[in-house]
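Worksheet: the structure to be examined is printed underneath.
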Amino acid sequence: MRVTFTVNDRPTTADIDPGESLMWVLRRLGWTGVKNGCDNGDCGTCAVLVDGRAVNACLMFAAKAAGTTIVTIEGLGGEGTLHPLQRTAVDSGSVQCGFCTPGVLMTAADLLAHNPHPTEYDIREALVGNLCRCTGYVKQIEGVLAAVAAMAEDEA
Amino acid sequence: MPPPEYVRPASLAAAIGLLHRDHARLVGGGTDVILRLPPDVDTLIDLSDLGLDTIVEMDDGTYIGSMATLTAILEHPGLARLLDGYVASMMRQVGSPLLRNLATIGGHIARGRISDVIPVLLTLDARVGVYDGADHSLGLEEYLEAGAGRSGTIVTHVMIPHPAPGTAAEFLKFGRTAFDLALLNCACLATVSQGHVTTARVVIGETPHLGSRLASVERLLVGSDLGPAVIEDAAELARSAVAAGSDLRASAAYRRQLAFVATKRCLTAIASRAGTVPA
Amino acid sequence: MSDKFDVVGHSERKLDAHALATGQPLFVADRTMPDTLVMKLLRSPLPHARIAHIDTSRAETLDGVACVLDHRNTPATRYTTAGQGYPEPSCYDTRMFDTKVRFVGDRVAAVAAETKAIAEEALSLIAVEYEEIDPVLSIDDALAEGAPVIHDEDDALDIFDPARNIVARTAADVGDIEAGFAECDVVVETTCETQYTQHAPLETHTCLSYLDPDGRLVLYSSTQVPFHVRRIVARLLDLPVSRVRVIKPRIGGGFGTKQEILLEDVTGLATLRTGRPVFLELTRAEEIYASRTRHPFRVRVKLGAMADGTIHALDLEAISNTGAYGTHGLTVLSNAGSKTLPLYGRVPNVRFRGTVVYTNLPVGGAYRGYGASQACFPLETAVDEAAERLGIDALELRAANHIRAGETSPIFEQLGEGRPGVPMTISSCGLGECITLGAARIGWASKRGVRRREGPWVHGVGMSIHMQGSGIPLVDMGAATLKMNDDGSFNLLIGATDIGTGSDTILGQIAAEVLGVTLDDIVVYSSDTDMTPFDVGAYASSTTYVSGTAVERAALDVRGQVLEVAAALLETGVDALTVGDGRVTAPDGSSVTLGDVAMESLYSSDQHQIGATASFVPEVSPPPFLASFAEVAVDLETGRVKLLDYVAAADCGTAINPALAEGQVEGAVVQGIGYALTEQLQIDGRGRVRNADLARFKIPTTLDVPPIHVILVDSFDPTGPMGAKSISEIGINGPIPTIANAIRDATGVHLRETPFTAERVFAALVAAGVAEGVPAG
C-alpha cells in the first residue's frame, strides 16, 4: 500500500507493507538516525516524534502514520542548526557510542515541548524507556538539564 | 500469504462489518498487535478515524474514549486530580512514555492481559462501552469475565464513575526495574464514612494472572475502622487468598509475600487519607 | 593536572559527538549497497545433538535465495571465535558449521537471499534431523563421572582434557598456604556463584561484506578487533591476508562481545560465493541467547589474617563455565586470579587454582572486567567478614593491606594470558587516596554499622577495592602513523578501535599535546586494515596505555622532524626550540608556524613528507585502582534493595580526557549495578534462554541508578603516555561486592549468589531470621 506523511518537513510518499513498522519504513527512506536496537519496544533507540509525541517507531504501523508529521533526529535541529538538546549532548560528554543518542534526544524533545522546566526526576522518568549501556545516564541527564537551562535563557 | 489490508473505517458500523472477515484484527495503538501479528491476518482495522479519542467529564463520571492514549489519560487535568492522583501515579509506572504515547486504553483493555491499569479501573468500578452493531455498557469485571476483546466487538469507551465523598485509593507495583512488567501489583480503594468503611475494593494483579478483586478481603474491610489491626488482618487474608502462581518473574511463594506487603501498605496509606479529604 | 598539559587533561569534545547527535549514517546497518543480499542464520533448537541429516534443497530452490551454507559446503577448519593476539590462548574447538550442535543457538545453516522475508522463509524450509545427546547443563554436570563429552571431535586443538569437559586449568602458588593458614588468628571462607549475564550493547553484532573493484573481500563490521578479524577470516576462507580488508565504522557499544568473530566469516564466504554484498544483523534475541555472555563462575575464597589485621594467607579456587565453546576460557580464568590477588600483594601465602569447564549452555566471552568481576565478589566479601571477626573496620583492614607503589606481587609473574606472566613493580598507586576520598564522600564514618531504620527499610553502607590492568604485557601491540599536511595539521592513522569509548579523541589529544597544536589540528582516522597501522584492538583496557604510547612515540618522532625544518627556517639549533600554539619558537622569540614548516617541507627546499610510524609493546601493565562505595536501603518485608548513593574513586593515572574517563566509570558502574541486581539469563532445563529480549533481560534504566559520584584522584604513572593508565573496565567490578557488603552492613546477611534480586534477598533475610512481615511459625 501507499502512504503519505511528512518527514522532517519533506512531504513523503512511501510504498509499504501494511504489517510493517514505521521504524523499518523510515530507515528504508534513508532516515537511518532511527536506530534498530531491539525491534520490540524495549530500548527506545528508534524513538521519533509523530505529531509532536515521541513514540517507539518499531511499535507503530507505518500505515498508522498516514497523514502525520514525523520528526527524526535528522530533522530535530532544522536546516543546518542544532537543537539545544543536540548542542548540550555534544558538550556534556553524554555521547559515547551514540547508538541510543537519537532516541534519547527525541524523547527529551517531547518532554521539553510539554514541560519546559522539568526537574531531574521528570527527566529520568521521561527517559525510562530509553536504555543506554554506555553512559550510566549521568552525563545524559546533565545534558538535558543543560538544554533546559539554555532554552530558559533563550526565552528570557 | 498475501499482505493484509490496512483500513481506517469512518464509522463503527463499517468497522464491525470489516471485523466479520475471517482473520481481522483491530488496531488501537497497535503496539501489541504489531508484535504478535498472526501470519494469516487478512485485515487490520485502524480505529483512529472514529472520533473515539476524547476524554470528557460528565455528570456521572469521566468518559474516556477507547482511542485515548495512556498519555492522554495521564495528562488529563481532571483525571490527574482524581483521588489524589491515583490514576496518574499508576499510569506513570506503565511501560514508558514512548509506549504510553501510542498505546490506547481500548486496546489495553481488549488485550486483557499484563496490566497495571485494569486493577485500578476495577477498584473504580469502571464501566466499558462495547459496540457489536449496537452499543452496550457493562462493568469492567463483567467485560473481562466474558473474555476481553472477544471477537465481533469493539471497545468504544471506558467510564469512570465519580467516587463517593470520603474515598481514598492507592496503587503499588513491584518491578525488577522501573521499566518492567510487574512482579505483582495492588490497587486498593476505600470509602470511609463516620469512621467506618462503607465500600472497599482490593485488587491484586500480575499474580501472574490479570488482576481481580479479592472479595474476602473487601468483606473484611467493610464496616471496619481501617485501623492497624484490621489492616494487618486484611493483608494476611490477601496473602492466603491471592491466586499466586510462579513464572520467570517471581515464585508463587514470593508473590504471596508481596500481596501481604502491598495490601498492608496500600491500606495504610488509604487510612491516613480516607474520610478526611473530599473525593 | 590540567596545568601540566595544554590538551591532555582537558575534557575536549568527543570528535564524533556532533555527527552522532545529528543522526548521521555512521553505523554498519546505516550503509546500503545496491544488490545486497540479506543473511539469516538457522540455529540449533537443541542443546546437544549430532546433525544426522540436513536437507537444504527446498531452501535452495526458493525464488530469491542466492546461497545456502551448512557444514557440507563450508571449510572444516578448526578455530576460535575469540579475537585475540596470535597464537590465540583460546582452544580451537569451533567450525564455521559443525556436524554437531552444542548449545541452543549454535549455527546450523545460513541463507543469503534477496530480502529478509525470503531468507527467513528459506530457513523454515531447511529440514534437519538431529540425534539428541544428553545435555550438560551445569558445572556439576560437566564434572560428573561419565558426563557426556561435549567436544569429542578429534581435530580440536589445545583443550586440556576434552574427555572430562575440562577446557583449561591454571594455578599459582606463593609461600606455603597450609602453614600460612595455621599461623592465622582468624580464617574465613566463602563460596560465591555469579550468573550468566550479557553485554547487551544497544547495537547488535552487524556486518556488511562486499567485494571491492579488485575483487578483494571487504568486511564492514561492528568489531572491536579489525586486525584479528582480518587474520582469522583470511585463514578460515583460505585467502591471503592481502585479499581481505576490514573496516570498522562507528559501533554501538561492545564491552567485549564484539571481540569475537561471529558474523564476518559467514557473510564473507557468502560474498565470495555470490560476488554480492551480504548483510547480516543479529536480532536482539540472537544477540542475547546466541552471541556471547559473561562466564558464570563458582569461586571459593579462604582468607586468613593475624589479630593485628595483617592478611597472611589467601586461597582462591575458581571454576568457570565457558558454555559450548572455550572462547576466552583460559584467559578469563587467569584474570580471576591475576587481577584480584595482587591487590593484596603483601600476603606471603597465596594459592590460586582454576578450572574451566564446557557445558551445553550459552558461550562465554570477553566481558568488561574479564574474570576480575567474578572473583572480586567472594574476595571482597571475605575481607568484610574477616574485618568483622577481627573487630577492625573493613575500610582500615583494606587500607592496611593493599599493595602500594614500589611493591610487587609474585602473582604478576606466575599468571599471564595463557602463558606465564611478567614480573612487575607497581609504578603508581593512588588507592589510599581513593579510599580516603571515597569514604568521605559516602559518609562512611557516620553511616557504617548504624543500621538506620525508616519504616521497613534499613540502611547500610559497603565498600570494596579493585584493580585491573593496562593492556597485556609483551602481547598487546599498538601502532600509529602521523603525517603532516600543508596547513600544519596532521593526519593521525591508528589501528586502535574506538567502540564508543572516545579513544579516537584521547589519542588525538596525546598527539596534539606533543605537537603543540589543538585537537582541531589532528584529523583522526582509525580501524581500517588497509589504511591504518596494526593494533590488537579494543580490549584488556589497552588502548590508552598501549596505543596511546604508540601515538606519543610517533608524535615525538614527527615533532623532531618539525624542529629540524623549523631550525633551518629560523637559522638556529634544534635543541633550544619549543613548540606550542601551532608555532615553533626560538629562544630569541622568533618563530614560524607549523604551516610554514609544512609548506617548506612539502614545496620548498629538501622536500619530504614529515611523518612517522611508531609502535609499542608494553613490558608491564600498570593497574588502575578503584575504591567503590555504596549506600543501600533494604526492605525487610520484600527484600528489595534500593541504591541510594554510589561513589567510585579511581586512580587511572593522568586522565587524558577527564569527562570521557568519568563516562567510562559511570557506564561501567551502571553495568555493574545491573550485574549485581537484575541481569540474568534465565535458562530452562532444556538449555533454552527464556528471557531473550530486553523486556525480560533487565538492564538498569534512568530511574534505577542512584547518584553516581566519580572521583579521579591525582595520579601519574611514569610508564604511561603522559602518565596515563587504563580506566574502561575497572568500574564494573565494584557494584557486586560493594552492594553485598552494604546489604550485610544493613542486615547482617551475607549474599553468595548473584544477582541480588528482591526475591533472593528476601529468601536470605528469611533464612537469617531478619525478614519482617512473614507469617509466624
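All values below were derived from every heavy atom in this structure, side-chain atoms included, with hydrogens, water molecules and symmetry-related copies excluded. Chain A is the first sequence line, chain B the second, and so forth, proteins listed ahead of strands; every chain is numbered from 1.
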Checking heavy atoms, do the side chain of [X], its backbone, both or neither come under 4.5 Å from chain A?
{"X": "B/Arg100", "answer": "neither"}
{"X": "B/Leu99", "answer": "both"}
{"X": "B/Val33", "answer": "both"}
{"X": "B/Thr71", "answer": "side chain"}

State plainly whether the residues [X] and [Y] are in salt-bridge range, i.e. N to O under 4.0 Å.
{"X": "A/Arg87", "Y": "A/Asp91", "answer": "no"}
{"X": "A/Asp15", "Y": "A/Arg2", "answer": "yes"}
{"X": "B/Arg265", "Y": "B/Glu170", "answer": "no"}
{"X": "B/Glu206", "Y": "B/Arg113", "answer": "no"}

Handout entry: Closest-packed option against chain A by number of heavy-atom pairs under 4.5 Å, given B/Thr69, B/Thr177, B/Asp46
Key =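 Counting heavy-atom pairs under 4.5 Å, the top option is B/Asp46.
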Heavy-atom contact with chain B under 4.5 Å, split by part of [X]:
{"X": "A/Met1", "result": "side chain"}
{"X": "A/Asn56", "result": "both"}
{"X": "A/Ala57", "result": "neither"}
{"X": "A/Asn40", "result": "both"}

Exercise for the section: Examine the side chains of B/Arg255 and B/Thr207 and answer whether a donor and an acceptor come within less than 3.5 Å of each other. Expected result: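 Result is no, nothing qualifies.
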Problem - B/Phe171-B/Tyr86 aromatic ring centre distance below 6.0 Å - result: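 Between B/Phe171 and B/Tyr86, the centre distance exceeds or equals 6.0 Å.
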Practice task
Identify the two heavy atoms, one from B/Leu172 and one from B/Cys266, that lie closest to each other, and give their separation to 0.1 Å.
Solution key: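 What the structure gives for the nearest pair is CB-SG, 3.7 Å.
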